[in-house]
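Here is the structure we will look at, set down as structure tokens.
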Amino acid sequence: MGGMDLSKPALAMIGLQFTYAGVALLTRAAFLQGLSPRIFVVYRQGIATLMVAPVAYVSRRKNSCRTNLGLKGFGWIFLASLIGVTANQNAYFEGIYRSSSTIASAMTNLIPAVTFLLATFFGLETVNIRSLRSIAKILGTIICVSGAICMALLKGPKLLNAEFLLPKYLFRSEGENWLLGCLLLLGSSFFWSFWMILQVPISANCPDHLYTSTWMCFLATLESATVAFFAGEDIEAWSLNSMLELGCCLYTGIVLAVSFFVQAWCISQRGPLFAAMFNPLCTVIVIIFAALFLHEETYIGGLLGAFAVIIGLYIVLWGKAQDLEEIKQGMDSKQVLKDESLDKRICKVDLEEPLLA
């Protein structure tokens, strides 16, 4: 029973990676059938809002210590919804449409490295060039970015859904559409990393994550609808013309809501590094199923780039693990000093008391 309890977070994260892979594959198939990525984001956010809002309402009713957002907290949530949700999701799903689900799933492994870059820029991360962990994070970031460039530009021979023939060109020749898709996916990683950094001031203003998530989903729905409107989408584009498009919107909206609870629980059980370690599994799943069902062509250049991103990810995570270990050791040493000081005070009080009262 104890062993099963210990393995539950791992099983939950494995299941979550399969659901994320399903999002990448289903959306790619729906976009190829004619679903607009911008309208899809509106429906997805709307469904997620309807899923999260009742849970947040019940949770706040039961919680006697409710915290209010305030104008400053609402401003942070608006910024997070605009950049971390609306811009992020529009860039990500437009990138899937213009490139492939395989590239999209591989690009998400850039997020820890990009977060390290942004956190360093904003002064939230300290870099010591003499420290091995800092060198590891810098090296991992460079490898991740190099892998992303390889995925976008390098081609080489095909591995899946093609004969093993020598390539005519080393670099990709799909045109501006593919490169734009890769750039959008890279931008999506930056937007999502910025969202993660914004969680620091949001949590400081309002620690109720369900409540803030509901507001973010709701505001992102309005913002995404505004983007779709000004992008000039036709009225007919808002109608879902097949079960695939309807199922895609429902599935991804439910996954968005459920994944928040599952990932938050796993992080509370094992920490953020444990959750991030499973991200490359989604890439492997997508590569296999995209080749089987979507007939996506896989090139050696893109595959090598994906592996480079995964290797860079684990190097960055190792550096972050060393940071957490040092923080933990520092806290333990402070606790030991505090206990020793308390023991000395107790001994002093005992010696000052008379032997015969």
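Residues take their numbers from the sequence shown, with the count starting at 1. Basis for what follows: all heavy atoms, side chains included, without hydrogens, waters or symmetry-related copies. No experiment lies behind these values; they were computed from the predicted model shown.
Annotation for M216 and I77: closest pair CG-CG2, 3.7 Å, computed over non-hydrogen atoms. For the residue pair S101 and A24, the shortest heavy atom distance occurs at CB-O, 3.6 Å. Heavy-atom minimum distance, T102 versus S105: O-OG, 2.9 Å. Among all heavy-atom pairs drawn from Q33 and S242, the shortest one is OE1-OG, 2.5 Å. The two atoms that bring P280 and L313 nearest to each other are CG-CD2, 3.4 Å, heavy atoms only. In plain terms, the two heavy atoms of S81 and E223 that are nearest each other are OG-OE2, 3.0 Å.
At least one donor-acceptor pair closer than 3.5 Å links the side chain of Q199 to the backbone N or O of W195. Here the side chain of T86 pairs no donor or acceptor atom with the backbone of I83 at under 3.5 angstrom. Between the side chain of Y251 and the backbone N or O of T19 there is at least one donor-acceptor pair closer than 3.5 Å. Under the 3.5 Å distance criterion, the side-chain polar atoms of S189 are left unmatched by any main-chain donor or acceptor of I111. Not one N or O on the side chain of T252 forms a donor-acceptor pair closer than 3.5 Å with the backbone of V23.
By the 4.5 Å heavy-atom criterion applied to side chains, L294 and L25 are counted as neighbours. Residues P112 and K320 form no side-chain contact, since every pair of their non-hydrogen atoms from C-beta on lies 4.5 Å or further apart. Annotation: side chain of S259 is in contact with side chain of Y20 (closest heavy-atom distance under 4.5 Å). Side-chain contact between M107 and V309: absent, with no pair of heavy atoms (C-beta onward) separated by less than 4.5 Å. The side-chain heavy atoms of L185 and Y92, taken from C-beta on, include a pair separated by under 4.5 Å. Side-chain contact check for C217 versus V85: every heavy-atom pair is 4.5 Å or farther apart.
The aromatic rings of F122 and F194 sit tilted relative to each other, their planes meeting at an angle between 30° and 60°. Between W215 and F218, the angle of the ring planes goes over 60°, which puts this pair in the perpendicular group of the 30/60° scheme.
Tracing side-chain contacts under 4.5 Å through hydrophobic residues (I, L, V, M, F, W, Y), one never reaches L256 starting from V262; they form parts of separate clusters. Following chains of ILVMFWY side-chain contacts shorter than 4.5 Å, one cannot reach I315 starting from M151, and the two form parts of different hydrophobic clusters. L50 and L210 fall into different hydrophobic clusters, where Ile, Leu, Val, Met, Phe, Trp and Tyr residues are linked whenever their side-chain heavy atoms come under 4.5 Å apart, directly or through other members. Put simply, I47 and L246 are part of the same group of oily side chains (I, L, V, M, F, W, Y) that touch within less than 4.5 Å, one to the next. Taking hydrophobic clusters as Ile, Leu, Val, Met, Phe, Trp and Tyr residues chained together by side-chain heavy-atom distances below 4.5 Å, V200 does not share a cluster with I202.
Taking Ile, Leu, Val, Met, Phe, Trp and Tyr as members and joining any whose side-chain heavy atoms lie under 4.5 Å apart, directly or through other members, I135 forms no hydrophobic cluster with any other residue. If you chain together ILVMFWY residues whose side-chain heavy atoms come under 4.5 Å of each other, V127 ends up grouped with F116, I129, I138, I142.
With values rounded to the nearest 0.5 angstrom, I300 atom CD1 is found 12.5 Å from C150 atom SG. A distance of 11.5 Å separates CD of Q322 from CG of L317, quoted to the nearest 0.5 Å. Note that the CD1 atom of I310 and the CG atom of L281 stand 9.5 Å from one another [nearest 0.5 Å]. Interatomic distance, W238 CH2 to S36 OG, rounded to the nearest 0.5 Å: 8.0 Å. Atom CG of L244 is separated from atom SG of C249 by 9.5 Å, given to the nearest 0.5 angstrom. Atom OG of S188 is separated from atom CG of L183 by 12.5 Å, given to the nearest 0.5 angstrom.
Around atom CZ of F307, no more than 12 heavy atoms belonging to other residues, nucleotides or ligands sit under 6.0 Å away. The local environment of OH in Y97 is sparse, with at most 12 non-hydrogen atoms from other residues, nucleotides or ligands closer than 6.0 Å.
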Walk me through whether I96 and F93 qualify under side chain to side chain contact (heavy atoms under 4.5 Å, CB included).
CA-CA 5 Å; I96 284 184; F93 289 111; 4.1 Å; yes
List the steps and the verdict of side chain to side chain donor-acceptor pair (under 3.5 Å) for Q89 and S224.
CA-CA 9 Å; Q89 298 221 347; S224 300; over 6 Å; no
Does the side chain to side chain contact (heavy atoms under 4.5 Å, CB included) test come out yes or no for N109 and C144, once each step is laid out?
CA-CA 8 Å; N109 295 302; C144 279; over 6 Å; no
What do the steps show when you test N205 against W76 for side chain to side chain contact (heavy atoms under 4.5 Å, CB included), and what is the final call?
CA-CA 9 Å; N205 280 276; W76 284 118; 3.6 Å; yes
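Listed by chain and residue number, E94, E233 satisfy the salt bridge (charged side-chain N to carboxylate O under 4.0 Å, His left out) test with R38 (two or more places apart in sequence, or in another chain).
Checked against the 6.0 Å centroid threshold, F31 and F40 count as a close aromatic pair.
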